[in-house]
Amino acid sequence: MSQRQIQSLEILSLSSADLREAVYKAAEENPALEIVRDKLESGVDLKKRSAGYDGTKISSLHSHALEEASDTFQATLESRADEKEPLQDYLIHQLNMLELTESEKSLGQHLIHNLDDRGFHRLSPISLLDSSDKNQNEQMLKRMMDLIQGFDPTGTCTSGPEESLLVQAKAKNAPSLALFILDGHLNFLDPPITAKAQKKIESFIQEQKSLFGYDTTKTDSLTVNEKTVEEAITFIKTLEPFPAGNFTSSQTHFVAPDIYIEEKGSDNGEIPEEELNKNGLYSAGGKIWRIKMANETIPTLSVNKDFINSLNLDGINKNEHRMMEQNIKQAKEFIQILELRKSTLERAAKEILRHQADFFIKGPGHIRPFLQSELANILEVHESTVSRLANGKYIECQWGFYELKYFFSHASSTSSTGQNTSKEAVLHKMEQILAEHQNDKKPLSDSKLCELLSAQGIQISRRTVTKYRSQLNIGSSYER
């Protein structure tokens with residue numbers, strides 16, 4: 001393998017946070033490589049890094065500029081005293097004051113440490129359940145999330161600003177129209193002008209009432225007029241979309257999504273695939289999707305123009321000229337490798353979306369069998385490359401935050417229709433059945449569980465049921 005191939009594989013295997021460090025290290029070591037933009041480094045004038053060639057210190061050209069930018073950023077930080085208390089510490093303190101079981105306390109701590117500096121979930125909350133603790137389940141998860149959402153500041157432990165606003169509104173006994181707007185209709189306030197908002201709300205209600213099967217009880221109790229709309233808007237403006245604004249995060253590391261997958265509507269087949277792809281859209285499972293690569297954490301690089309122009313300066317000997325050309329070549333190759341990583345991730349995301357469309361539409365419990373070797377064949381790369389690609393990379397979708405590894409699963413059973421079912425889907429279905437029958441006088445035996453799975457189209461042996469039940473840390477019918 002060439003040095004470039006080795007470097008490509010190393011870059012591909014890095015998480016977003018590690019890649020960020022690698023980019024800064026490369027820029028510091030190579031004076032021909034320039035960081036022209038970094039969204040996370042507010043306060044740093046990155047343009048200062050184009051210092052030019054002084055004819056004597058090639059290797060120090062970029063490191064000096066980097067040090068100057070670092071000093072600027074550090075000075076900005078040190079000029080303001082930070083007296084904020086870490087959000088996680090404040091929430092943990094409130095959690096510890098309650099009488100909770102060990103399982104509840106442990107889950108609560110995991111939920112709190114999973115919050116970003118705005119108070120929102122990083123990883124999907126369901127992924128925080130401890131499979132070794134049989135007391136932790138989705139019901140406890142919801143209960144603990146509701147509990148933490150009611151802590152001070154109200155509205156943390158939510159998926160984002162819109163859910164946080166709704167939680168805060170419920171806690172403050174908001175006007176019914178404000179609750180209606182915040183419950184999935186915040187777009188009615190774009191712009192937040194009373195007359196326009198009132199017109200949108202009234203049009204929506206009339207349109208919904210004309211639909212067959214629409215539950216009118218949701219809107220019959222609403223009074224929509226200029227006064228109530230204005231009251232709702234005024235109330236909503238008192239809420240805080242980022243409830244953790246007065247706190248800091250006690251965490252020094254972060255996990256950021258590499259890929260965003262968002263549903264954009266139904267696919268009726270009228271738009272050609274070429275036209276969709278041209279606009280960054282893809283068709284899968286009868287839906288249209290947008291796949292967006294996250295670039296916020298990765299600095300933008302270019303080859304330093306001043307460094308290139310310095311090649312023609314007088315007084316540069318052959319060895320210096322050769323070394324400068326090598327720096328420029330390495331800088332170009334490094335930028336190309338970053339682009340290759342991005343395009344490979346995007347292609348992989350497209351195939352994952354195509355194979356796992358049921359998951360992105362219906363959520364957890366609908367993962368289909370899909371092997372890393374299958375993706376490797378589609379991408380025409382080695383299986384080890386896919387393994388590196390899946391390591392530490394995350395997809396964010398409407399169901400939460402998931403590592404790429406989550407979307408690969410072996411076939412575990414065959415359905416009555418002859419289709420393979422993934423192990424993840426079988427485990428999810430087993431948990432649902434056991435939860436539905438948890439209050440039965442006689443606990444379900446593995447044989448009975450096997451029959452119920454079969455009735456739902458999942459053909460699986462009793463021995464496999466026993467093994468999976470054990471992996472879920474659920475005791476036998478005798479132990480329950």
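As the structure is a prediction and not an experimental result, all values here were calculated from the model.
When all heavy atoms of Q88 and L115 are compared, the pair lying nearest together is NE2-O, 3.0 Å.
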I would like to know whether S203 and E207 meet side-chain hydrogen bond (donor to acceptor under 3.5 Å, both in side chains); could you show each step before the answer?
CA-CA 6 Å; S203 297; E207 180 183 341; over 6 Å; no
Could you give me the CA-CA distance, side-chain angles and deciding distance for K25 and E28, then say whether salt bridge (charged side-chain N to carboxylate O under 4.0 Å, His left out) is met?
CA-CA 5 Å; K25 182 179 179 182; E28 187 172 5; over 6 Å; no
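Classification of the Y406-Y402 ring pair by plane angle, with boundaries at 30° and 60°, yields tilted. Note: F407 and F359 have perpendicular aromatic rings, judged against thresholds of 30 and 60 degrees for the angle between ring planes. Ring geometry for H355 against F370 counts as parallel: the plane angle stays under 30°, on a 0 to 90° scale with 60° as the upper cut.
Taking the side chain as every heavy atom from C-beta outward, L33 and F334 approach each other to under 4.5 Å. Contact annotation: the side chain of P125 approaches that of L141 to within less than 4.5 Å [non-hydrogen atoms, C-beta and beyond]. Using a 4.5 Å heavy-atom cutoff, the side chains of C157 and F120 are not in contact. Put simply, the side chain of I395 reaches to within 4.5 Å of the side chain of F360, judged on heavy atoms. Taking the side chain as every heavy atom from C-beta outward, T300 and D38 never approach each other to under 4.5 Å. Counting only heavy atoms from C-beta outward, the side chains of P243 and T158 never approach each other to under 4.5 Å. Within the 4.5 Å cutoff, side-chain heavy atoms of T223 are placed close to those of N225. Taking the side chain as every heavy atom from C-beta outward, F180 and F204 approach each other to under 4.5 Å.
Classification of E262 and R290 as a salt-bridged pair fails, no side-chain N sitting under 4.0 Å from a carboxylate O. Between K105 and E102, none of the side-chain N atoms (NZ, or NE/NH1/NH2) sits under 4.0 Å from a carboxylate O, so this pair counts as no salt bridge. The pair R143-E104 meets the salt-bridge criterion, with a side-chain N (NZ, NE, NH1 or NH2) lying under 4.0 Å from an Asp/Glu carboxylate O. The residues R341 and D258 are annotated as salt-bridged, a charged nitrogen and a carboxylate oxygen being separated by less than 4.0 angstrom.
Defined by atom type and a distance below 3.5 Å, a donor-acceptor pair is present between the side-chain atoms of Q198 and E202.
More than 12 non-hydrogen atoms from other residues, nucleotides or ligands lie less than 6.0 angstrom from NE2 of H185. Remark: K200 NZ is packed, more than 12 non-hydrogen atoms of other residues, nucleotides or ligands lying under 6.0 Å away. Within 6.0 Å of CD in E273 there are 12 or fewer heavy atoms belonging to other residues, nucleotides or ligands.
The side chain to side chain donor-acceptor pair (under 3.5 Å) test applied to N137 returns no partner, not counting sequence neighbours.
Within the 3.5 Å criterion, the main-chain N or O of I261 finds no donor-acceptor partner in the side chain of E396.
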